[in-house]
Amino acid sequence: MAQITKRSEDYSRWYLDVIQAAELAENSPVRGCMVIRPNGYAIWENIQRTLDDKFKELGHVNAYFPLLIPKSFLAKEAEHIEGFAKECAIVTHHRLKQVTKNGKTTVIPDPDSKLEEEYIIRPTSETVIWDMYRKWIQSYRDLPILINQWANVMRWEMRTRMFLRTTEFLWQEGHTAHATAEEGREETLQMLEVYRWFAEDILAMPVITGAKTANERFAGAVETFSIEAMMQDRKALQAGTSHDLGQNFAKAFDVKYQDAEGKVEHVWATSWGMSTRIMGALIMTHSDDDGLVLPPRIARIKAVIVPIWKNDEEMAQVVDAAEKIAAELRPIIGTVHIDKRDNMRPGWKYGEWERKGVPLRMELGPRDLADEKVMLVSRHDRNKQPVGFTDLAAVVPVELERIQQDLYDQALKRRKEATFDIDSWDEFTKLFKGEGGFAHCHWCGDGDCEQTIQGKTKVTIRNIPFDRDETKGECVHCGKPSIGRVLFSQSY
RNA sequence: CGGGGCGUGGCGCAGCCCGGUAGCGCACCUGCUUUGGGAGCAGGGGGUCGAAGGUUCAAAUCCUUUCGCCCCGACCA
């Protein structure tokens, strides 16, 4: 097993090493597209399950729309096309043809199968969905429509990174239609709150909620909101977005409804999404130089029992005891894995489960068996404690909760230590030339000024936090009046 | 797409400059001894060197093209 590069040595390589060591994902033969391996996909399945339950609890239903979108659809919303045109894969033919050249057989697109209207592979599904909504919406009684879709999308980015920016990625995209602007805005904010809850309570990842600036807004949105998390290298990562689309898509796709008074109006829309990118955030938030660290609430395997033995007789006894412990704990905490492999020694197994991020390990050998206890070890802080068999059912869930809370507290502490109020351009450039972090600064509100800052420093406004300091001040860059602080950081 | 680096068994690498038909460590398989923080010994299997084309009696080594990965830049809900 290759060594994991230390974070302090090369953060990017560390990130890739952790993904490899924990067998989460691997590059595929397709440019920018990764294979999500079983260990990684198990995390995604837990993410899906948890979010899906929450969406449904709030009245949403799932549906599925096609992968391919008629090219003309994308042109209907002016800003939307501008935002996505440069990163679309296009389907131009529907058939291959075998050709033999110099004795070698290859396939080419059959010229006779060229499509009249080309399709693009969806970079997001607003357009197909709104084309259908036009047919489904006539009256205020048809509203609201609260649909979510779990899907893959494709964006042909110049530079890809595992999980954070892959050409194809998995996500959920919610698309809702409402009778009023207020209701649309309410839905947008409600879903942002779902993402905040999910990031903080499930992934133990503290986030800052707020509105995006006009420059950073989703193509076609009236307002975009985001949750922003800080990674261990102090860069920001946008972990989820919720968009108030106003009537832009309803107008582009001519979706109208008649209200109770008989008046006809365009409907109001929202869309919101969280993608496999969140897994990159999860990895970078908690993991350490020994590999993956997972919060218990999102880990597939909550605890692993490593039995220790010297001979067949001991093995039988120890494994038997492990089975009983696992059977008792499973109804309480979920999956408990017993590592019965007899071709490796305990020390190797400890290392392997640490790399893979299993939150709790229980060491169980003949000596423990005699004392009726196990050695309970937590992945994130290596805390070791002997626990009596009869206490396990009470202690293990408490320990898992402790881990969950610890990881959140650690992440929050790291963020606080790297967050500053900055009031001068000197300090600003000094911070971002050095260690970086989150900077709450006054900003004049001018998009050109924002872009100048980005051009000079690579620093962008992550969002305008809901709970920002609204005392007046002067723009950190141009000195013009500001009505409050916004969040600046370098980002992924 | 521009600059830099790199593609050799599952992983990490050597060989390439000065062409002669592939080697090391780990992993893997078999056996025995082991098993409380990454076990030891013995035996064994696996690659034609990212791909295509060219030069040559001969190419992992030289030339051309191309694909992919990593870093920086540009770009990027």
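With sequence neighbours left out, the side-chain hydrogen bond (donor to acceptor under 3.5 Å, both in side chains) criterion links A:K356 to A:E352. Checked against side chain to side chain contact (heavy atoms under 4.5 Å, CB included), A:P465 has the following partners two or more places apart in sequence or in another chain: A:I208, A:H440, A:N463, A:D467, A:R468, A:L487. Every residue two or more places apart in sequence or in another chain that forms a side-chain hydrogen bond (donor to acceptor under 3.5 Å, both in side chains) with A:E193 is listed here: A:R196. Judged as a side chain to side chain contact (heavy atoms under 4.5 Å, CB included), and not counting sequence neighbours, the contacts of A:K302 are A:I333, A:L400. Every residue two or more places apart in sequence or in another chain that forms a ring pair (Phe, Tyr, Trp, His ring centres under 6.0 Å) with A:W353 is listed here: A:H337.
With rounding to whole Å, A:M158 atom CE is found 12 Å from B:rG73 atom C1'. In this structure, A:R159 places its CZ atom 13 Å from C1' of B:rC1, rounding to the nearest Å. Note: CZ (A:R161) to P (B:rC71) measures 5 Å, nearest angstrom.
For the OP1/OP2 pair of B:rC72 and a distance below 4.0 Å, the side-chain nitrogens and oxygens of A:K458 include no atom meeting the criterion.
Atom-to-atom distance recorded for A:L170:CG and A:Y41:OH is 6.0 Å, nearest 0.5 angstrom.
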Using residues 303-320 of chain A as the side-chain source, report each donor-acceptor pair under 3.5 Å to any protein atom, sequence neighbours left out, with the distance given to one decimal.
residue: A:N311; atom: OD1; partner: A:E313; partner atom: N; Å: 3.2
residue: A:N311; atom: OD1; partner: A:E314; partner atom: N; Å: 2.8
residue: A:E314; atom: OE1; partner: A:K310; partner atom: N; Å: 2.7
residue: A:D320; atom: OD2; partner: A:K324; partner atom: NZ; Å: 3.3

N/O donor-acceptor pairs under 3.5 Å from side chains in residues 74-92 of chain A, not counting sequence neighbours:
residue: A:E77; atom: OE1; partner: A:E79; partner atom: N; Å: 3.1
residue: A:E77; atom: OE1; partner: A:H80; partner atom: N; Å: 2.9
residue: A:H80; atom: ND1; partner: A:A219; partner atom: O; Å: 3.0

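The list of salt bridge (Lys or Arg N to Asp or Glu O under 4.0 Å) pairs with a residue in residues 62-74 of chain A, not counting sequence neighbours, reads A:K71-A:E118.
Taking atom C1' in both B:rG68 and B:rC26, one finds a spacing of 25 Å when rounded to whole Å.
Pairing of B:rG19, defined by two Watson-Crick or G-U wobble distances under 3.5 Å, is not identified with any nucleotide. Both distances falling under 3.5 Å, in either a Watson-Crick or a G-U wobble arrangement, occur for no nucleotide opposite B:rA14. If you check B:rU30 for Watson-Crick or wobble pairing at under 3.5 angstrom, you find it paired to B:rA42. In this structure B:rA59 sits in no base pair that meets the Watson-Crick or G-U test at under 3.5 Å. Nucleotide B:rC6 forms a pair with B:rG68, judged by Watson-Crick or G-U wobble geometry with both contacts under 3.5 Å.
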Using nucleotides 66-69 of chain B, report all nitrogen or oxygen pairs with the protein that are shorter than 3.5 Å.
residue: B:rC69; atom: OP1; partner: A:G32; partner atom: N; Å: 2.7

Heavy-atom contacts, protein to nucleotides 36-49 of chain B, under 4.0 Å, summarised as B (base), S (sugar-phosphate only) or - (none) per nt, yield BBBB----------
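Within residues 233-244 of chain A, the residues approaching RNA chain B are A:Q238, A:T241, by heavy-atom distance under 4.0 Å. Sorted by residue number, the members of residues 10-17 of chain A with any non-hydrogen atom under 4.0 Å from RNA chain B read A:S12, A:L16.
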